[in-house]
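For ligands, and for the atoms within them, numbers begin at 1 and follow the listed sequence. Heads up: numbering here begins at 1 and tracks the sequence.
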Amino acid sequence: MCGIIGISAKADVSNDIMTCLKSLSYRGYDSAGMAMVGDGQISERKIKGKVSNLEDYIKNNPISGNCGIGHTRWATHGEPNTINAHPHTISKISIVHNGIIENYHELKTTLKDNGVNFISDTDTEIISQLINIELMNNKQPLDAFIHAISKLEGAYAIAAIFSDYNNLMIASKVGSPLVFMKSKNKTIISSDAYSIAEFGNNITYLEDGDIITSQNNKIHIFDRALNKIKRPSKRISKRTKDGLNGHEHFMMKEIKEQPDVLSYALSNYLDFTEFDIKENKFDFDFSNVERIIISACGTAYFAGMVAKYWLENIANIKVDLEIASEFRYKKMFFDEKSISLFISQSGETADTLAALKYAKQNKQRVISIVNAEESSISNESDLVLPIFAGQEIGVASTKAFTCQLATIASLVLYLGGLKGAITKEQKETYIQELMHIPSQILQSLEFEQTIKKISKDIYKSSSALFIGRGSTLPLAFEGALKLKEISYIHAEGIASGELKHGAIALVDKNLPVIVLAPDDLFYVKNLSNMNEVYARSGKITMIGKVDNEHLKGLAINGIDIDITGKFNIPIIMAVPLQLLAYHVAKLKNKDIDQPRNLAKSVTVE
Ligand code: AGP
């Protein structure tokens, strides 16, 4: 993640921008920069390192102006250095950006073939270059901006200033957060409400596709067709300052954050410039490892189930998977060729910590995949792989689960390469697939209205079944857990093939059955299981490769998540399941962020 800020006012804004950058530095801080427009030109100051480095640099190389942009970076493309730091200024345009431009390779190749010289290794520079080309073709700034961003794919938030316009800012977002505030004498655009809360009480949250212009403190918001639109402003309450960002529940905020945080998590381990793995992140001797013992609880355990499927089928490494609360009471057959891997969002779950200590007592080397880097589990580990999900407040885990999977996918690619199970070409293909996850999550979030309707068919039920196969069988368990822990409806995940061995006795016209049927090698078998359910009047909701024949014939509801890719399918399939649980619980007026009997971190055994 990165933090972007833009401020236009009647007086110098450089100090305000610096203040906001300090508040935004939690979003990344490997480099920082600022650009100001004035007297027909853009002045830029940027430097490697934290925002404090930029502050010292600007003290010795002052910059001022009434309209400017700022950025604090967490590198996704291009190493952290001054050239790759934002803003990226090309002639009359300067921009800052948060997110990943997924098609930047193609765009950059085309522009280079047309003689455009690039300065940096970033994906961001492509945006400046595209806008600059439109400006040189005599387009007005807004027209140039819209033409340029229409070529972009991925999740991003962008803010731009123009040398020929002393007080013009243009910004837009798709998938990454962007808010704005208008006070009596200044307009502020930022990645989050928290960083600008000191400047006022009313915040407006932009929606995906919105384009905002601020000129001489006059604000206009447009959709992509350049229709003027309005967005309601919200009064910043105490909770908003705590980070609800306009959402009713932290769970929904965290579901919607997934395009942004997954870009962050994936780019920590994968180099999207070279389509390679950042091997230095896996500083651990795997040379004699032939088996991995994985252990966790709850949602993290289901992430471990996906890990087992991927490690065995892609990296060709044997995995034993154990529920943490059972782990230390079982004969675990530790040996010198096995290591133990623990997955935990909080890093404090007592069952998982106890299992980790048991493994260490048995001379196991330990790896942990955690969200809370400063935690008991990470402190006890020989290698820690952070998931970069950011603080997760909702008790029902959402973004942490998908970020766990993204981190596991990176580990699988690293180990697969190390063990010779994955060729260089396969690795590059997998990394290119993973790079599209933020936009695929965005596509799955677009089904929210459909899912709200489907939740009306489910919320009065007393029970529900989730069925899946292969790498989406863990998603069946996870979907059932999400539903039961926040709506209190009993739900069960089960292997589709197991249905006929008993659970099908439950199926009747009152039982919702959620069938996970992605376009994978189990698709045809999943359809035959749907027929078994249909034949007994089960109420089927199909999530996956949905086409009319199956929807009209077998399912009453369908969510067409037509994603391919061994890693992408389980990660993307989590989102409709999260949204379904959320909307069912909302219809039942449950306490979604803090369900009864639960805690965010279970620190007792
Ligand atoms: C998930 O939605 C639940 N809140 C719960 O199962 C959780 O995943 C489990 O308690 C493990 O927590 P951890 O990841 O912090 O170890």
Side-chain angles (χ1 to χ4, degrees), residues 249-255 257-258 261 265 294-307 321-328 340-359 366-381 384-408 466 474-489 491-493 574-575 577-582 584-585 590-605:
H249 298 101
F250 281 105
M251 182 179 176
M252 183 52 82
K253 171 181 175 270
E254 289 150 8
I255 289 172
E257 280 179 337
Q258 289 178 114
V261 294
I294 299 177
S295 191
C297 302
T299 288
Y301 175 78
F302 301 139
M305 285 181 79
V306 179
L321 175 66
E322 297 297 342
I323 290 172
S325 51
E326 297 291 313
F327 188 89
R328 60 200 176 96
S340 292
L341 167 64
F342 297 92
I343 306 169
S344 174
Q345 188 283 132
S346 63
E348 297 300 343
T349 299
D351 288 327
T352 310
L353 181 58
L356 182 150
K357 289 180 176 174
Y358 177 63
V366 167
I367 296 177
S368 61
I369 293 178
V370 295
N371 195 24
E373 290 182 65
E374 295 305 319
S375 61
S376 306
I377 286 174
S378 58
N379 292 340
E380 293 277 348
S381 301
V384 178
L385 299 177
I387 67 169
F388 300 97
Q391 190 180 19
E392 184 177 75
I393 294 170
V395 166
S397 189
T398 51
K399 62 175 182 174
F401 176 65
T402 49
C403 285
Q404 284 164 354
L405 295 185
T407 303
I408 292 163
F466 292 74
L475 275 292
F477 292 120
E478 169 61 7
L481 174 60
K482 286 283 98 52
L483 184 68
K484 61 189 156 189
E485 70 175 328
I486 64 173
S487 74
Y488 314 155
I489 293 174
E492 182 182 352
V575 176
L577 296 171
Q578 295 163 358
L579 290 171
L580 184 63
Y582 176 88
V584 170
K590 298 302 181 190
D591 184 347
I592 289 173
D593 283 334
Q594 296 182 323
R596 68 184 181 192
N597 311 340
L598 293 177
K600 183 59 184 170
S601 176
V602 184
T603 54
V604 293
E605 288 191 58

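- Between Val395 and ligand 1, at least one pair of N/O atoms sits closer than 3.5 Å.
- In terms of protein heavy-atom proximity, atom 10 (O) of ligand 1 is closest to Val602 CG2, 4.1 Å.
- Once rounded to the nearest 0.5 Å, the distance linking OH of Tyr301 with CG of Leu481 reads 13.0 Å.
- Using a non-hydrogen distance threshold of 4.0 Å, Lys482 registers as a contact of ligand 1.
- Atom 14 (O) of ligand 1 has as its closest protein heavy atom Gln345 N, 2.7 Å.
- Ligand 1 has a nitrogen or oxygen under 3.5 angstrom from a nitrogen or oxygen of Ser397.
- Counting atoms of ligand 1 from 1 in the listed order, those under 4.0 Å from a heavy atom of Ala396 are 2 (O).
- Counting heavy atoms closer than 4.0 Å to ligand 1, residue Glu485 contributes side-chain atoms (C-beta onward) but none from N, CA, C or O.
- Here the protein heavy atom with the shortest distance to atom 6 (O) of ligand 1 is Gly298 CA, 3.2 Å.
- Side-chain atoms of Phe466 and Leu483, non-hydrogen and from C-beta on, do get closer than 4.5 Å to each other.
- The atoms of ligand 1 that sit less than 4.0 Å from any heavy atom of Ala300 are 8 (O), 14 (O).
- Under the side chain to side chain contact (heavy atoms under 4.5 Å, CB included) rule, Ile369 has a single partner from Leu405, Ile408, Ile294, which is Ile408.
- Looking only at side-chain heavy atoms (C-beta outward), Phe342 and Ser381 stay at 4.5 Å or farther from each other.
- The single protein non-hydrogen atom nearest to atom 1 (C) of ligand 1 is Thr299 OG1, 3.0 Å, given as residue, atom name and distance.
- Side-chain contact, Thr402 with Gln258: a donor N or O sits under 3.5 Å from an acceptor N or O.
- Remark: side-chain polar atoms of Glu485 are not paired, donor with acceptor, to backbone N or O of Ala396 under 3.5 angstrom.
- Nearest protein neighbour of atom 11 (C) of ligand 1, counting heavy atoms only, is Cys297 O, 3.5 Å.
- Classified by interplanar angle (parallel below 30°, tilted 30° to 60°, perpendicular above 60°), the ring pair Phe477/Phe302 is parallel.
- Between the side chains of Glu478 and Thr299, a donor-acceptor pair is found at a separation under 3.5 Å.
- Among all protein heavy atoms, the one lying closest to atom 12 (O) of ligand 1 is Thr349 OG1, 3.5 Å.
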